[in-house]
Amino acid sequence: MENGAAQPVIVAIDGPSGTGKSSTSKAVAGQLGLSYLDTGAQYRAITWWMVHNGIDIDDASAIAAVAGKPEIVSGTDPAAPTIHVDGVDVSGPIRTQEVTSKVSAVSAVPEVRTRITELQRSIAAGAGNGIVVEGRDIGTTVLPDADLKIFLTASAEARAARRSGELGQGTDVAATREALIKRDAADSSRKTSPLAKAADAVEVDTTELTLAQVIECVVTLVEEKRAGK
Ligand SMILES: Nc1ncnc2c1ncn2[C@@H]1O[C@H](COP(=O)(O)OP(=O)(O)OP(=O)(O)O)[C@@H](O)[C@H]1O
Ligand SMILES: Nc1ccn([C@H]2C[C@H](O)[C@@H](COP(=O)(O)O)O2)c(=O)n1
């Protein structure tokens, strides 16, 4: 490119819960001057709206009927990502246990996925400098032509320990581990765009790596891609 300006780059980062997608994606985007999109937050936001509006989460057709109603807006600054539904800041409410326990059911509904996937593609297309998009089906379905696809993994034990560290003292690590495994099983077994590694994704097992090491590894992969290696 002229004047040495970097080409916009699209990076897809997928993987199970607690593998470090959000922490890694935010840091990589921040270091490289890219936008950042947390697609899990969007599925959590639509789940919050369903709960808030009294929609029966066990009734897929009821969810499908209203999937187009909420207006979901994601802010893509990696230093301060935001998420609003119908103008309400839901960054706190979407992290509650209630939403976490219901998000897999809501995100399995095809009409929800179609709606959110369209939104994700339009955000990625509008990111002038490029973007890091993290989720479960980004490399396989949302952005199959991404320049770089990463699939993060880690043992269930490491992931539960990380989550428990986040939730604070007194957290039951075994229960956290079971909840992670249950959510991953639901996300991997749904019919429409399940959690899966794209055939051309680079797999990074983060079990024995520090967060700083994972970030460095992904930054290097992006830089190599940009240099055409
Ligand atoms: N390599 C690592 N070593 C130690 N802790 C880590 C590592 N990567 C992430 N963490 C920590 O693990 C926790 C979960 O990370 P993060 O939220 O980034 O995972 P995630 O894959 O986005 O999870 P989810 O899909 O559930 O949103 C955070 O507290 C984060 O700081
Ligand atoms: N691309 C995506 C991203 C997320 N989901 C669903 C499945 C997850 O359990 C849930 C919450 O994601 P998290 O905030 O934990 O990353 O959202 C999905 O189906 N597809």
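Just so you know, these numbers come straight off a predicted model, no measurement behind them. Whatever order the structure lists them in is the order used to number ligands and atoms, beginning at 1.
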Next item on the list: Could you list the atoms of ligand 1 found under 4.0 angstrom from a heavy atom of Arg136?
Entry: 25 (O)

Check: Transitively linked via ILVMFWY side-chain contacts under 4.5 Å: Tyr36 with Leu148?
Finding: no

Note to self: Check contact between Lys26 and ligand 1, using heavy atoms of the residue and a distance below 4.0 angstrom.
What the structure shows: no

Next item on the list: Could you pull out all residues at least two apart from Arg162 that satisfy salt bridge (Lys or Arg N to Asp or Glu O under 4.0 Å)?
Entry: none

Item checked: Close-contact set for ligand 1 against Ser23 heavy atoms, below 4.0 Å -> 9 (C), 15 (O), 16 (P), 18 (O), 30 (C), 31 (O)

Item checked: Note: Arg115-Glu111 ion pair, threshold 4.0 Å (strictly below) -> no

Item checked: Region of Glu134 engaging ligand 2 - heavy atom pairs below 4.0 Å -> neither

Checklist line | Location of contacts on Asp187 toward ligand 2, heavy atoms closer than 4.0 Å | finding: side chain

Notebook entry, point to check: Is it the side chain (CB and beyond), the backbone, both or neither of Arg95 that lies under 4.0 Å from ligand 2, heavy atoms counted?
Noted result: side chain

Margin query: Under a 4.0 angstrom heavy-atom cut-off, which atoms of ligand 1 come close to Leu209?
Written below: 1 (N), 2 (C), 3 (N)

Margin query: For Arg44, which part has a heavy atom under 4.0 Å from ligand 2: side chain, backbone, both, or neither?
Written below: side chain

Notebook entry, point to check: Any idea which atoms of ligand 1 are less than 4.0 Å away from a heavy-atom of Gly20?
Noted result: 8 (N), 9 (C), 15 (O), 16 (P), 18 (O), 19 (O), 20 (P), 21 (O)

Margin query: Is the contact between Arg136 and ligand 2 made by the side chain, the backbone, both, or neither, using heavy atoms and a 4.0 Å cut-off?
Written below: both

Check: Which ligand 1 atoms are under 4.0 Å away from a heavy-atom of Arg162?
Finding: 1 (N), 2 (C), 3 (N), 4 (C), 5 (N), 6 (C), 7 (C), 8 (N), 10 (N), 12 (O), 13 (C)

Notebook entry, point to check: Which of the atoms in ligand 1, numbered in the order shown and given with their element, are less than 4.0 Å from a heavy-atom of Arg183?
Noted result: 26 (O)

Note to self: Using a 4.0 Å cut-off to any heavy atom of Pro16, which atoms of ligand 1 qualify?
What the structure shows: 21 (O)

Checklist line | Flag for Glu134-Thr39: side-chain donor and acceptor within less than 3.5 Å | finding: no

Check: Looking only at heavy atoms of Lys102, does any of them come nearer than 4.0 Å to an atom of ligand 2?
Finding: no

